[in-house]
Every structure is written in C-alpha cells, then in structure tokens.
Amino acid sequence: MTEEKESRHRHESEAEEVKEILSVVSKELPALVKGILGSVFSEEAGRDLGKAAAAFYKELKSAGLPDEVAVKMTEDYMSTFTSMGDVLKGMGKGGKLGITAKDKDELGKEITLDIQRKIKEKLAEKHRASEDDEEEDDDEDED
Amino acid sequence: MKIQTVVIGGAHLTKLALSLIAAWLTLDWKVRRMRRAFEKQLIRVGMSKKDAQRLSAQFAKLKDNVKNAVKGSMFRIR
C-alpha cells in the first residue's frame with residue numbers, strides 16, 4: 001500500500017516538474033528568439049547600420065572617389081553581413097560549419113585508418129624492442 | 001493530476017508554438033522596416049535610391065539565410 005502511495009507521489013512530482021519545465025520554456029524561449037531577431041532585424045539596427053554605411057560612403061566621396069567605386073566599396077563593407085548569413089546557411093545545410101554527413105563519414109574513415117596505422121607502428125616497435133632484448137640476453141649468455 | 005498536467009502542458013506548448021509562428025511571420029515586416037531605415041540614411045548622404053535599395057537587399061538575403069538555417073535545423077532534428 002505504501003509502495004503504491006510512493007509510486008503515485010513520484011509520478012505526481014514528475015508531472016509537476018514537466019509542467020514547470022514547459023511553463024518556463026514557453027515563457028523564455030519566445031523571448032529569447034524575439035530578442036535575437038530583434039537585435040539583428042529591427043528598425044533601430046537598420047538605422048545604425050545605415051549611419052555607419054552612410055559615414056563610410058560620405059568619407060569615400062569626400063576623398064574624391066567616383067560614385068560607382070564608392071558604392072561598390074560600401075557594398076563590400078556591407079557584405080560582412082551577408083557573409084554572416086552564409087555561415088548560417090552552411091549551418092542550415094549540414095550542422096556546425098557546414099560539415100555534411102558525407103564529410104563526417106569520410107573524416108571518420110580517415111581517423112580510423114590513421115589510428116590503425118599508428119597501432120601497427122607501435123606494435124611493430126614493441127616487437128622490435130622485445131627481439132633486441134632477447135638478442136642482448138643471448139649475447140650475454142654466450143659470454 | 002495527470003490530466004491537468006497534460007492540459008496545462010498542451011496550453012504551454014500551444015503558446016510556445018504561436019509565439020514562434022508570430023516571430024516567423026513578423027520577420028518579413030521587420031526586415032522591410034529595417035531596409036527602409038537603412039535606405040533613408042544612405043539617401044540622406046546623397047546616394048541614389050537605386051543604389052541604396054541594392055545595398056539594403058543584403059538584409060533580405062540575410063533573412064533568407066536565417067530562415068533556411070532554421071528550416072534546416074528543424075529537419076535535422078526530425
């Protein structure tokens with residue numbers, strides 16, 4: 001009877017824990033996602049980036065660069081954001097830094113072969129060392 | 001107790017899903033506003049509207065990459 005009670009109590013506390021976890025996740029996760037998206041994609045971020053790019057463009061123009069070159073250089077300056085996007089794109093394609101499952105398999109095979117080679121080398125070394133020791137012992141016995 | 005947990009848990013999950021869907025749907029709108037603010041600053045210093053739009057197009061590209069990354073990670077989890 002007491003076991004039944006304990007089991008019931010345990011189940012209830014587990015259910016309570018799940019409820020707590022879900023309530024925290026449902027509260028915190030959207031806030032986190034909104035915060036991340038808001039820091040990258042917001043009117044304020046756009047304005048700040050625009051100010052930075054505008055200052056860069058203005059400097060180039062005042063230095064006497066032709067309009068086309070100044071625009072091209074500002075575009076390159078802004079392309080750092082696209083490169084950040086490319087990293088994300090790579091992550092989306094195949095995990096961290098864009099390593100695909102195929103790459104992982106190949107890498108795994110290479111590592112396995114490398115380990116096998118190292119083990120063979122070590123064993124051969126050990127075998128050679130033991131043979132040398134035996135030879136030395138034989139020489140000593142002959143003396 | 002179990003039924004109550006399932007109901008409350010379901011409500012939390014629904015809330016979470018709705019919040020994420022809302023964030024997903026408002027992303028386009030946020031990017032549009034961001035592009036407009038960005039273009040405004042560039043036009044103010046004398047850049048042509050066409051060039052400013054070309055530069056701000058990178059944000060749309062970034063948004064697409066973010067969306068693809070999220071989609072990719074979702075399919076990986078499955």
Side-chain angles (χ1 to χ4, degrees), chain A residues 8 11-12 14-19 21-31 33-34 36-38 40-58 61 67-68 70-72 74-75 77-82 84-95, chain B residues 1-6 8-20 22-24 26-48 50-52 54-59 61-76:
Chain A
R8 199 175 164 185
H11 280 301
E12 276 182 6
E14 277 173 6
E16 195 69 34
E17 269 177 38
V18 170
K19 208 168 76 181
I21 290 166
L22 281 174
S23 85
V24 171
V25 167
S26 70
K27 223 181 276 174
E28 298 297 327
L29 194 64
V33 171
K34 270 182 194 168
I36 292 168
L37 288 178
V40 182
F41 301 109
S42 70
E43 198 176 347
E44 203 184 332
R47 200 181 302 122
D48 290 343
L49 283 167
K51 274 179 190 169
F56 185 73
Y57 175 76
K58 206 177 168 184
K61 287 287 282 180
D67 198 48
E68 274 178 31
V71 170
K72 181 82 187 72
T74 314
E75 199 174 356
Y77 173 67
M78 287 305 299
S79 68
T80 47
F81 289 96
T82 328
M84 192 177 93
D86 286 339
V87 172
L88 286 170
K89 202 174 167 185
M91 280 172 73
K93 269 183 187 170
Chain B
M1 184 67 193
K2 272 181 188 173
I3 294 166
Q4 192 194 0
T5 306
V6 169
I8 292 172
H12 283 308
L13 282 177
T14 311
K15 190 185 159 192
L16 176 67
L18 286 175
S19 301
L20 293 177
W24 184 267
T26 55
L27 192 60
D28 286 321
W29 176 67
K30 277 179 186 166
V31 171
R32 228 176 1 252
R33 282 182 67 179
M34 185 188 188
R35 283 183 72 171
R36 218 174 293 152
F38 179 81
E39 285 165 14
K40 214 174 173 180
Q41 295 297 323
L42 289 176
I43 290 166
R44 202 175 276 176
V45 291
M47 193 184 275
S48 69
K50 199 180 161 189
D51 288 333
R54 205 178 75 210
L55 288 186
S56 72
Q58 292 191 6
F59 296 123
K61 217 184 273 180
L62 178 63
K63 179 204 71 183
D64 291 340
N65 287 345
V66 168
K67 280 191 168 183
N68 287 335
V70 173
K71 273 183 207 166
S73 61
M74 275 168 69
F75 287 120
R76 257 208 326 277

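So you know, we letter chains A, B, ... as the sequences are listed, proteins then strands, and number each from 1.
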Among Ser26(A), Gly38(A), Ala70(A), which residue forms the greatest number of heavy-atom pairs with chain B at distances under 4.5 Å?
->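 Result: the option with the highest number of such pairs is Ser26(A).
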Side chains of Asp51(B) and Arg54(B): does their closest heavy-atom pair fall under 4.5 Å?
->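 The answer is yes; the side chains approach within 4.5 Å.
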Side chain to side chain, Val66(B) and Val40(A), heavy atoms closer than 4.5 Å =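 Side-chain contact under 4.5 Å: no.
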Got more than 12 heavy atoms from elsewhere within 6.0 Å of NZ, Lys61(A)?
->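 More than 12 heavy atoms, drawn from other residues, nucleotides or ligands, come within 6.0 Å of this atom.
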Name the region of [X], side chain, backbone, both or neither, that has any atom closer than 4.5 Å to a heavy atom of chain B.
{"X": "Ser42(A)", "result": "backbone"}
{"X": "Asp48(A)", "result": "neither"}
{"X": "Lys58(A)", "result": "side chain"}
{"X": "Val33(A)", "result": "side chain"}

With Glu43(A), the side-chain contact (heavy atoms from CB on, under 4.5 Å) member among Lys30(B), Met34(B), Arg36(B), Arg33(B) =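 Passing option: Arg33(B).
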Hey, what's the ring geometry for Phe38(B) with Phe59(B), parallel, tilted or perpendicular (30° and 60° as the breaks)?
->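 Answer is perpendicular, since the angle exceeds 60°.
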Let me know if Leu27(B) has heavy atoms under 4.5 Å from chain A in its side chain, its backbone, both or neither.
->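 It is the side chain, since no backbone atom gets that close.
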Output all residues satisfying ring-ring contact (aromatic ring centres under 6.0 Å, His included) with Phe41(A), sequence neighbours left out; order by chain, then residue number.
->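 ring-ring contact (aromatic ring centres under 6.0 Å, His included) list for Phe41(A), sorted by chain: empty.
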Top of Lys63(B), Met47(B), Lys67(B) for chain A proximity - count of heavy-atom pairs under 4.5 angstrom |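 The candidate making the most pairs under 4.5 Å is Met47(B).
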